[in-house]
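Heads up, the thing below is written out as structure tokens.
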Amino acid sequence: MRYILVPVSCLLLMLASCSRHMDSDTVFDPLLGYEGDTVYMEMDLTDAVLEGITIPAKGEMFHFSFDTVADHPLYYKIYYQNESYKFDEDDSLSYENFYGSWEDVSVGFKEVPSDGHICDSFRIVGNPRDEAIYYGRDLRHYDCGPEALKAIEREIRADTHWFRYISQVAAPKNNRTVEEQLFLDTRWVLNERRHEGGDVNHRWKRNPRTGCYSFLLVVCDSIGLEQVPDYIQYIGHTAPDSHFVNPYSWFSRRTSCTSHLSLVKGSKVLRTCARLTPQQGVYIDELQVRTPYISKVEIPGRVGSDTSLYRRALYQQFFPAVSQQYTLRNIPLVMDMEEYTMADYEAASTRYDSTQLIYDYPHITNCPGSTVYPSPEGDYISVINPGNASSTTDRRQPQLSAQTPGKESTGVKTRVGFTYGKYRGKIKFPPMLNRHNLWNGLTYAFWLIYQDEQEWNHRRPSYHGGYIEKNDDSENPERHLTNKYSEIDIEIVKASPNWPEGYYHGRKSSRITDKGSIEEARSNSNVMFCCTNWDLACPEPRDFAAGITHIPWPKSLSRDANVSQATGHQPQCFDAMRWYPNYKALTTKTPVSNSIFDADYYYYEIEWRPTEIIWRLGPDPDHMQVVGYMSDRYTSIPNNQMLCIMTQEYHYSEWWPPIVYMQGLIPFNASDIEGRLYEITIE
């Protein structure tokens, strides 16, 4: 159970009064050589994928000095803590805060030199408590390329029992060919071996957080040192209850500041951010490819599976999962969407009989690297839904390309994970609506997803209700103490601004009808900016509920609450939908203008904090408007490490009732549809 402690004394008061071991005029500067009260520093991501992030850059250190006053031995230790994304020190979850001390956790308090002058250095690193759960095998030279996969395939084929098992589960159980099942199993085996145990500290599994850091210097004599428990002297130790204890919290709860223990807060604050640019290329991770492919595009230094890209690329191609929840029954028409009119759409519903429709599911690429790749200059990544025809004939007439056409989803994903932060994507999405307000069938998304399914990246335990597995849609699902899955979404789609009529329980039923909502949506050039948190139906939040929950506009965001050109209005609250009690996500919708896609690029932002999530949209970072909000009062906020994704996917219309346009009545795109990702910044 989460609880709040009431501190007996305030840490700030202690800092002001505990000066037994120092001159009253002495200032603790934790960042010597850096100007200003706030030091701004961009994270060095050169080796971040496999070795994690260090602050300052690899090979550098922060230096500090301090003068003490005493005629007997003294001891000192420095602590740091991320202040932007934390729980208050009096919160029972404050042990989750990102804090650290000496990089070597076996070093406790150091003795002050006999002249009383402290001169030392430190740096901020990942996994600062040196937790064993973040250790593993050495991955710097790990081979996950085509040759390694072929070797495992030969290993499986040579094992009679193993290969027989694959043959048995392929068609009857999974509706796959033996070769498809073999393709998936080789990747599963190699991925499992990747997660074998080892003695290498994978600091990237708990990277430093972005935002501001404070610094705390503790000076004490031998009596004061005896008062500090081992789990505070050595932050890698746990308390008797097997939990870590935040040093900031421990010192803030001391009943008094004795003459044996002195604290001083650093005079400077460090502010950090991470900027993920495409210059290092796009990696193709063979283990993420979901289906056998015909070929793969390799451009040295730009896109591929080579060792350099494996070690340095900050982005990888994302292969969307293909849902088979519904069958896509598409009209057999290939054309440019700009030419498709409302009359064409309405006629298409009766023009073709069931034998003419193309029964299929959305596709993913059969040629990795061909639809996601950096520009030659490296200033953006092209993300392409490939066209189905190259001819210039009259595409208003039904025609098929040489091969059966398909609707192919595409995307790009980051490779450096963070917990919390303000994720801002600089993105050029193509227009979603044509001049007739017809939808191109795509859902644009900028979203966060859990970095790894292994235990090291599970969400915090839920002792009062638990989590439901993402794919468990059974009537009586099993609940679990913890879970790997977390996801926070921005999805932009042509949909109704309202939820289905029946969910309003009379509040607006006289004004809102499904038919009216559909007509309203078809008559304007708005699209829906949909904000979702996948909380896995964890019922711990105080106001957890099914149906529509009215989340009021938070007063803390009043400065963000200006009417914007994009949204065109200022909501008094957000209507958040959970379809039924065991539904695993909460979603809000806000209308925005299709005109945002006319700009060279726009900014899409998810601010993920320990107790709330804020979604924003804007033409530049200084003019972002709030378009979605949730807090831990309504939904369980994840705390595991996540990656960021940009996608352009063909989703089913049934996911967004009342349905405005049917996906099956949208033609196959004749030409490529290109989006561009310029960069992602995490602050």
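In what follows, residues are counted from 1 in the order of the sequence shown.
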Roughly how far, to the nearest 0.5 Å, is NE2 of His202 from CD of Glu131? 15.0 Å
Inspect the contact between Lys86 and Asp91 and indicate whether a charged nitrogen and a carboxylate oxygen are less than 4.0 angstrom apart. no
Locate the shortest heavy-atom distance separating Ile53 from Ala48; write the atom from each residue and the value. CG1-CB, 3.8 Å
Can you find a heavy atom in the side chain of Ser94 that is under 4.5 Å from one in the side chain of Tyr248? no
Assess the pair Trp579 and Tyr503: is the distance between their ring centroids shorter than 6.0 Å? yes
For the side chain of Ser593 and the backbone of Asn526, is there at least one donor-acceptor N/O pair under 3.5 Å apart? no
Using a 6.0 Å distance limit plus a 45 degree cone around the ring axis, check whether Lys422 lies over the aromatic ring of Trp608. no
Please report the closest heavy-atom contact between Gln451 and Asn457, naming both atoms and the distance. N-ND2, 3.3 Å
Between Trp499, Tyr629, Trp553, which is the residue that forms a ring pair (Phe, Tyr, Trp, His ring centres under 6.0 Å) with Phe574? Trp553
Looking only at heavy atoms, the pair that brings Tyr467 and Ser462 closest together is CE1-CB, 3.6 Å
Pro621 versus Tyr603: any side-chain heavy-atom pair under 4.5 Å? yes
Are the aromatic ring centres of Tyr444 and Phe597 under 6.0 angstrom apart? yes
Met528 versus Thr590: any side-chain heavy-atom pair under 4.5 Å? no
Would you compute the distance between atom OH of Tyr485 and atom CD1 of Ile468 and round it to the nearest 0.5 angstrom? 14.5 Å
Apply side-chain contact (heavy atoms from CB on, under 4.5 Å) to residues Arg633 and Ile551 and explain how you reach the verdict. CA-CA 10 Å; Arg633 175 177 169 178; Ile551 301 178; over 6 Å; no
Run the numbers on Ile606 and Leu448 for side-chain contact (heavy atoms from CB on, under 4.5 Å), then give the verdict. CA-CA 9 Å; Ile606 299 171; Leu448 309 180; 4.2 Å; yes
Check step by step if side-chain hydrogen bond (donor to acceptor under 3.5 Å, both in side chains) holds for Glu649 and Thr443. CA-CA 5 Å; Glu649 296 187 66; Thr443 297; over 6 Å; no
If we ignore angles and hydrogens, is there a donor and acceptor under 3.5 Å between the side chains of Asn533 and Thr635? yes
Answer yes or no: is there a donor N or O on one side and an acceptor on the other, between the side chain of Tyr504 and the main chain of Pro500, under 3.5 Å? no
Write down the atom of Val627, the atom of Cys531, and the distance for their closest heavy-atom approach. O-SG, 3.9 Å
Where the side chain of Asn640 meets the backbone of Lys484, is there a donor-acceptor pair that is under 3.5 Å apart? yes
Give every residue pair that meets the side chain to side chain donor-acceptor pair (under 3.5 Å) criterion with at least one member in residues 474-483, sequence neighbours excluded. Glu469-Asn483, Asp472-Ser474, Arg479-Asn582
Is any side-chain heavy atom of Thr272 less than 4.5 Å from a side-chain heavy atom of Tyr213? yes
Do Ile645 and Phe446 make a side-chain contact, defined as non-hydrogen atoms from C-beta onward lying under 4.5 Å apart? no
What is the ring orientation for Tyr420 with Tyr85, classed by angle as parallel under 30°, tilted 30 to 60°, or perpendicular over 60°? parallel
Could you tell me the separation between the CZ atom of Phe251 and the CG atom of Asn246, rounded to the nearest 0.5 Å? 10.5 Å
Establish, for the pair Arg129 and Phe244, whether the NZ or CZ atom is under 6.0 angstrom from the six-membered ring centre and no further than 45 degrees off its axis. yes
Hey, are Asp90 and Arg253 close enough for a salt bridge, meaning a charged N less than 4.0 Å from a carboxylate O? no
First locate atom CZ of Phe544, then atom OG of Ser636, and finally report the distance between them rounded to the nearest 0.5 Å. 9.5 Å
Evaluate the side-chain contact (heavy atoms from CB on, under 4.5 Å) criterion for residues Ile666 and Tyr650: first the C-alpha distance (whole Å), next the side-chain angles of each, then the deciding distance (0.1 Å), finally the verdict. CA-CA 11 Å; Ile666 304 299; Tyr650 288 99; over 6 Å; no
side-chain hydrogen bond (donor to acceptor under 3.5 Å, both in side chains) for Asn97 and Asn82? Distances and angles first, verdict last. CA-CA 7 Å; Asn97 293 356; Asn82 184 282; over 6 Å; no
Residue of the set Lys584, Arg578, Arg459 for which salt bridge (Lys or Arg N to Asp or Glu O under 4.0 Å) holds with Asp535: Arg578
Locate the shortest heavy-atom distance separating Trp656 from Ala495; write the atom from each residue and the value. CB-CB, 4.1 Å
If we ignore hydrogens and angles and just use 3.5 Å, is the side chain of Gln663 paired with the main-chain N or O of His651 as donor and acceptor? yes
Quick one: are Thr210 and Phe418 in side-chain contact, heavy atoms under 4.5 Å? yes
Using atom types as modelled and distance alone, determine if a side-chain donor or acceptor of Tyr315 lies under 3.5 Å from a backbone N or O of Leu276. yes
Using a 3.5 Å distance criterion without hydrogens, assess whether the side chain of Glu491 forms a donor-acceptor pair with backbone atoms of Trp447. no
Using a 6.0 Å cut-off, check whether atom CD of Glu455 has over 12 heavy atoms from anything other than its own residue. no
Of the non-hydrogen atoms in Arg193 and Arg137, which two are nearest, and what is the gap between them? O-NH1, 2.8 Å
Out of curiosity, Asn191 CG to Glu453 CD, how far, rounded to the nearest 0.5 Å? 7.0 Å
Test your reading of the model: is there a side-chain donor-acceptor pair from Ser249 to the backbone of Glu89, 3.5 Å cut-off? yes
Verify side-chain hydrogen bond (donor to acceptor under 3.5 Å, both in side chains) between Tyr79 and Ser214, making sure each step is shown before the conclusion. CA-CA 8 Å; Tyr79 298 94; Ser214 68; over 6 Å; no
Tell me whether the rings of Tyr604 and Phe529 are parallel (<30°), tilted (30 to 60°) or perpendicular (>60°). parallel
Quick one: does any side-chain atom of Gln648 pair with a main-chain N or O of Gly411 as donor and acceptor, under 3.5 Å? no
So Ile637 and Glu612, do their side chains get closer than 4.5 Å, heavy atoms only? no
So OG of Ser486 and CG of Asn639: to nearest 0.5 Å the spacing works out to 8.5 Å
Is there a donor-acceptor pair under 3.5 Å between the side chain of Lys413 and the backbone N or O of Leu643? no
Start with the C-alpha distance between Gln316 and Arg415, add both sets of side-chain angles, then the distance that settles side-chain hydrogen bond (donor to acceptor under 3.5 Å, both in side chains), and finish with yes or no. CA-CA 7 Å; Gln316 62 184 320; Arg415 300 181 69 217; 4.7 Å; no
If you apply the rule side-chain contact (heavy atoms from CB on, under 4.5 Å), what do you find for Lys426 with Tyr602, and how did you get there? CA-CA 6 Å; Lys426 179 181 178 182; Tyr602 228 72; over 6 Å; no
Salt-bridge contact Glu519-Arg522 (side-chain N to carboxylate O under 4.0 Å): no
Within the structure provided, determine whether Ser92 and Phe87 are in side-chain contact (heavy-atom separation under 4.5 Å). no
Whether Asp575 side chain and Thr549 backbone form a donor-acceptor pair below 3.5 Å: no
